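Encoded as structure tokens, the structure appears first; notes follow it.
Bear in mind that the values here come from a model prediction, so they are computed numbers and not experimental data. Remember, it's 1-based here, ligands and their atoms both numbered in the order they're listed. Quick note: numbers below take in every heavy atom, side chains included, and nothing from hydrogens, waters or symmetry partners.
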Amino acid sequence: MQLALFPSNETARLRRIHRLLAAAQAQPETVSEVAPGLPPISQLVRTMLGGRTQDAISWAAYRQLRRAFPDWAALANASPAQLLPLIANVTHAEKKAKHVPLALTHIVARRGALDLTFLDSWPVLEAIAWLRRLPGVGPKAAASVLNFSTLNKRALVVDTHHLRVMTRIGVLPEGTTDGKAFERLMPALPEEWDAPMVAHHHLLVKSLSQNLCTARTPDCPSCPLSAECKWHTRRPKLASTQRASGPPAPGPSP
Ligand code: SF4
């Protein structure tokens with residue numbers, strides 16, 4: 001994987017964003033609350049369940065799975081029909097019930113054991129590329145395994161929350177995919193940020209997205225990044241442009 005070179009002013013911008021968010025957070029969510037240092041295979045299962053699902057729901061599903069399969073090797077051999085009732089509340093449960101055992105069997109097939117600790121000594125980008133070849137594992141899940149597990153590696157988790165904030169404040173161009181976002185943001189991370197700091201940065205940005213920079217109704221006047229962000233000044237302009245050009249043409253009947 002080749003990472004784009006990033007202008008150094010973006011690194012300064014990430015430092016500033018992090019400082020502003022950390023200063024504004026009344027009750028900081030700690031990294032250990034969100035990422036309690038699971039072993040890498042457990043983190044992989046946990047993060048695969050978590051895609052597009054609220055944390056409380058995916059944690060509940062993870063605990064159900066753990067109770068039913070105290071040995072992950074048994075999960076690798078489980079059928080989707082066995083998994084589905086245990087994870088029924090997560091988004092795309094049917095797909096995940098297929099992908100989770102499949103990903104585990106791929107690890108065994110490629111490494112001879114259900115173990116990801118070998119990635120500890122690998123460079124982050126190579127480890128990401130290896131993980132992304134597993135069924136159902138995208139850039140976010142791969143980075144979660146490296147950053148949130150006991151591997152504790154310096155990989156930035158870019159989920160829909162992170163992507164939304166970074167796009168709105170203009171660090172990333174609009175329309176950037178999560179894979180491209182990872183490739184652009186990784187080289188921009190300040191070099192003094194170690195793995196826990198990178199995880200903390202992700203949490204700060206995610207928390208902003210969940211509480212203020214929401215998808216439909218961002219609360220820009222309350223946002224600690226409002227001086228950094230041009231999105232809230234662009235928005236009224238877009239609205240007035242639309243008013244000036246009249247209502248949108250009616251679309252085809254459903
Ligand atoms: S100013 Fe508004 S759009 Fe920009 S980051 Fe804050 S909440 Fe999001």
Do you know which two heavy atoms are closest between E174 and T167, and how far apart they sit?
CA-CG2, 3.5 Å

Nearest heavy-atom pair of R168 and T214: which atoms, and what distance?
NH1-O, 2.9 Å

Results of salt bridge (charged side-chain N to carboxylate O under 4.0 Å, His left out) for R16 - residues two or more places apart only
E228

By salt bridge (charged side-chain N to carboxylate O under 4.0 Å, His left out), which residues pair with K95, not counting sequence neighbours?
none

For S209, check side chain to side chain donor-acceptor pair (under 3.5 Å) against everything at least two apart and list the hits.
H161, R164

With rounding to the nearest 0.5 Å, note down the distance linking OG1 in T91 to CD1 in I57.
7.0 Å

Proximal protein heteroatoms (N, O or S) of atom 4 (Fe) of ligand 1, under 2.8 Å
C229 SG

